[in-house]
Amino acid sequence: MATYSTSEFKKGLKVQIDGEPFQMIECNFVKPGKGNALYKCRMRNLIRNTTFDRTYKGGDTLEAADVEEVDVQFLYRQGDKFVFMDNETFEQHELSAEQVDDSWMYLKDGMVCSATLHNGLPIAMAPPNHVELKVEYCEPGAKGNTATNVTKPVKVETGAEFQCPAFIQQGDIIRIDTRTGGYVERVRG
Amino acid sequence: MTTFGPSASLEMLAFRHRLLKQVRAFFEDREFLEVCTPLLSSETFADRYLEPLRVTLFSDPKAPTCGPTWYLQTSPELHMKRLLASGAHAIYQITQSFRAGERGPHHNPEFTMLEWYRQGDDFDSGRQLLVQLLQETLPDIRLVEEISYRELFERVLGMNPHTATVEELQEVAWKQGLRTVDNRGDLLDALMATAIEPALDRQKAVVVHDFPEHQAALAQTALVQPHGYRVARRFEAYAAGLELANGYLELADSSEVEKRHLENCRERERQGREGFALPSHFVAAMQSGFPACVGVALGFDRLVMAASGQASLDFVQTFPAGKA
């Protein structure tokens, strides 16, 4: 695999350290007047989602990581396994419940998501920024809204629950921001 | 901000203009001669970590890659020292300098250097001139503290930089996230940049003197009694979290100059970079009898940053890299 030298270091670079993939989320160039350049970097482990800081000196190298992001379609869930399919290669990728994490709340059959592959194997996925989900169950909105029942819990087709405005009814389609887990708006039409 | 416009605002350009006038007046009052030396030179002094940009001085427009390699100066030092060796007494220059591979919030490959030399200055009087310039141009930063490199390390890291072992230095460097630095000189530089500089009081200007021997560049070295270790007669000014200036009791020994050039070439080659031919004009100037003097190189853009409170070099330059 290729290597990067410090002159190529920058935010977003994907590197491999001890076999694990990292993303350089920060890289600050520091150079004393007559000394060697220093690169203060913060790296995020793409598998474990932990970060660490490391300062490299000019001339150091890091191994490039074989990390790519691909569009995948959510096919189905089987217990602890979530199965996605690469739309171009038709290859299937399995992710565990731990890797999918909170995203299970948004996954509808056929939904197009982004998967991160390391050496061809899936290590993480992300749903689109907004998803539209059908309300399967909720209590009818209280008449004469008071300050205490402005929102209510609403259950959607994936089985997840979201806090929504009191006027939302069963059968409505709501838009959720997957980055915050918050209600955005009711989808018309 | 448009894509074609400068990154410094017009107000900042006016501020920079006023600071330029102030600096010129400072040197006028002290009877310095303002000189203009070339940006391009056929020769360069080998430095371990400074990289000059190369230019092909072609003459046939149909063959623009054929011709001798010349260098854009990393500082006007060589030419100005040739003037001193030829009788110039007190000279200063505000000019553009170039350093390849240096880009960051405080760095741009092309930057403005204020550099001056005065014959007859000793280490103390030469340093005082820098202190006076800082006091005049940075009125908000009232206090200028003078401290030795050793005292600074002792104050911030609790260790004597001249006598600490490489292992002790590595242990402290480890806490700064440093793993790959293993020689004494580089460790001290790295600790200075990552542990000490950020700890300096931004409200004060600090002038650090007497650097470790390995960082002498073209400065003289001296023995510190009674401890028995050598220091480089070099001083550096910091303000507002920025390294502003480097000053030296200039080396006058031409054989020492040659020796350092060759050592630096060897070190460069060891790191996979090319060495340079001995700068013959410069060496001839040193051999002819170089006068005792102190020289200072100051990053003028950084002085503007410190005086105006800007955190990024881009906001004091018209067209930094990316906009040039």
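All figures in this text were calculated on a predicted structure; none of them were measured in a lab.
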Among the listed options [options], the residue most often paired with chain A at heavy-atom distances under 4.5 Å:
options	result
R234(B), M192(B), Q271(B)	R234(B)
L188(B), N246(B), D186(B), D189(B)	D189(B)
R103(B), E236(B), E197(B)	R103(B)

**Asked** Would you say the side-chain atoms of K57(A) pair up with the backbone N or O of T180(B), donor to acceptor, closer than 3.5 Å?
**Response** yes

**Request:** Using modelled atom types only, decide if a donor and an acceptor are shared between the side chain of T55(A) and the backbone of Q176(B) within a distance under 3.5 Å.
**Result:** yes

**Request:** State whether the number of non-hydrogen atoms from other residues, nucleotides or ligands found under 6.0 Å of K108(A) atom NZ is greater than 12.
**Result:**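 It does: K108(A) NZ has more than 12 such atoms within range.
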
**Atom CD of E171(B): over 12 foreign heavy atoms under 6.0 Å** =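 Open: at most 12 neighbouring heavy atoms sit under 6.0 Å from CD of E171(B).
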
Measure [X] against the heavy atoms of chain A and call it side chain, backbone, both or neither at under 4.5 Å.
X	value
H106(B)	neither
E243(B)	side chain
R48(B)	neither
R273(B)	neither

**Request:** Could you tell me which portion of D60(A) (side chain, backbone, both or neither) has an atom closer than 4.5 angstrom to a non-hydrogen atom of chain B?
**Result:** side chain

**Message:** The test is side chain to side chain contact (heavy atoms under 4.5 Å, CB included); show your working for T194(B) and L38(A) and say whether it passes.
**Reply:** CA-CA 9 Å; T194(B) 59; L38(A) 297 167; 3.8 Å; yes

**Message:** Return the OG to CD distance between S7(A) and E51(B), rounded to the nearest 0.5 Å.
**Reply:** 11.0 Å

**Fill in**
In this structure, NZ of K31(A) is separated from NE2 of H107(B) (nearest 0.5 Å) by 6.0 Å

**Message:** Quick one, E102(B) and F29(A) - any side-chain contact, counting heavy atoms below 4.5 Å?
**Reply:**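 Result yes, sub-4.5 Å side-chain heavy-atom pair found.
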
